[in-house]
Amino acid sequence: MAVLGEWKYGAGRGYNNVVMMTIGTGIGTGVIIDGKVLYGEHFQAGSLRGHFVVDYKSRRCSCGNNGCVEALSSSYFLPEIIWEDATLSENFRIRADKYDFKEIFTLAAAEIQMPLPYEINV
């Protein structure tokens, strides 16, 4: 669990309550409450993962369900997410398979400082 590492040695160090979500090829979560890892009866209480449905009318997930968090936000589906977003320029969308979350977050941070033009030429 990534939350253990962050709680003991990273951003959560010194806190008794930590909630963490990881975004990558999948979605992961972990929870520390009152200085204890939340396990639950079947050792999955704090591990929501990406396969909980948030929009049942949405994209089909790799698990077979529709609208899982993972299907709507993981890097596995990122090219599809970008391509389907009509608010993005076509030039940006054409390169959908070239982006990862690091680049997306970098572009978003740059836009906060200087808004991007409507048409992005990359």
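- A pairwise comparison of heavy atoms in His51 and Ser62 identifies CE1-OG, 4.3 Å as the closest pair.
- A single hydrophobic cluster is seen to contain both Ile33 and Val19, as judged by linkage of ILVMFWY side chains at heavy-atom distances under 4.5 Å, directly or through other members.
- Taken together through direct or relayed side-chain contacts under 4.5 Å among Ile, Leu, Val, Met, Phe, Trp and Tyr, Tyr15 and Met20 form part of one hydrophobic cluster.
- Cys63 and Cys68 get closest at one heavy-atom pair: SG-SG, 3.7 Å.
- Taking Glu84 as the reference, Arg59 meet the side chain to side chain donor-acceptor pair (under 3.5 Å) condition, with sequence neighbours excluded.
- Across Arg93 and Ile82, no two heavy atoms sit closer than the pair CG-O, 3.5 Å.
- Smallest separation of non-hydrogen atoms from Ser58 and Asn66: O-CB, 3.6 Å.
- Residues Ile27 and Ile104 are members of one and the same hydrophobic cluster, defined by side-chain heavy-atom contacts under 4.5 angstrom among Ile, Leu, Val, Met, Phe, Trp and Tyr.
- Within 6.0 Å of CZ on Phe101 lie more than 12 heavy atoms contributed by other residues, nucleotides or ligands.
- Looking at Glu6, its side chain does come within 3.5 Å of a backbone N or O of Ala11 through a donor-acceptor pair.
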Checklist entry - Passes side chain to side chain contact (heavy atoms under 4.5 Å, CB included), Ser75 versus Thr25? Steps please. => result CA-CA 5 Å; Ser75 63; Thr25 54; 3.8 Å; yes
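- Contact between Val31 and Val3 at its shortest, heavy atoms only, is N-CG1, 4.0 Å.
- Separation of atoms CH2 (Trp83) and CZ (Arg95) is listed at 13.0 Å; rounding is to 0.5 Å.
- Under the 4.5 angstrom side-chain criterion for Ile, Leu, Val, Met, Phe, Trp and Tyr, the cluster partners of Ile81 are Tyr76, Phe77.
- Val69 and Phe105 fall within the same hydrophobic cluster, defined by Ile, Leu, Val, Met, Phe, Trp and Tyr side-chain heavy atoms under 4.5 Å apart, directly or through other members.
- Linking ILVMFWY side-chain heavy atoms closer than 4.5 Å, directly or via other members, places Tyr99 and Leu88 in a single hydrophobic cluster.
- Contact detail for Ile32 and Asn16: the closest heavy-atom pair is CG2-O, 3.6 Å.
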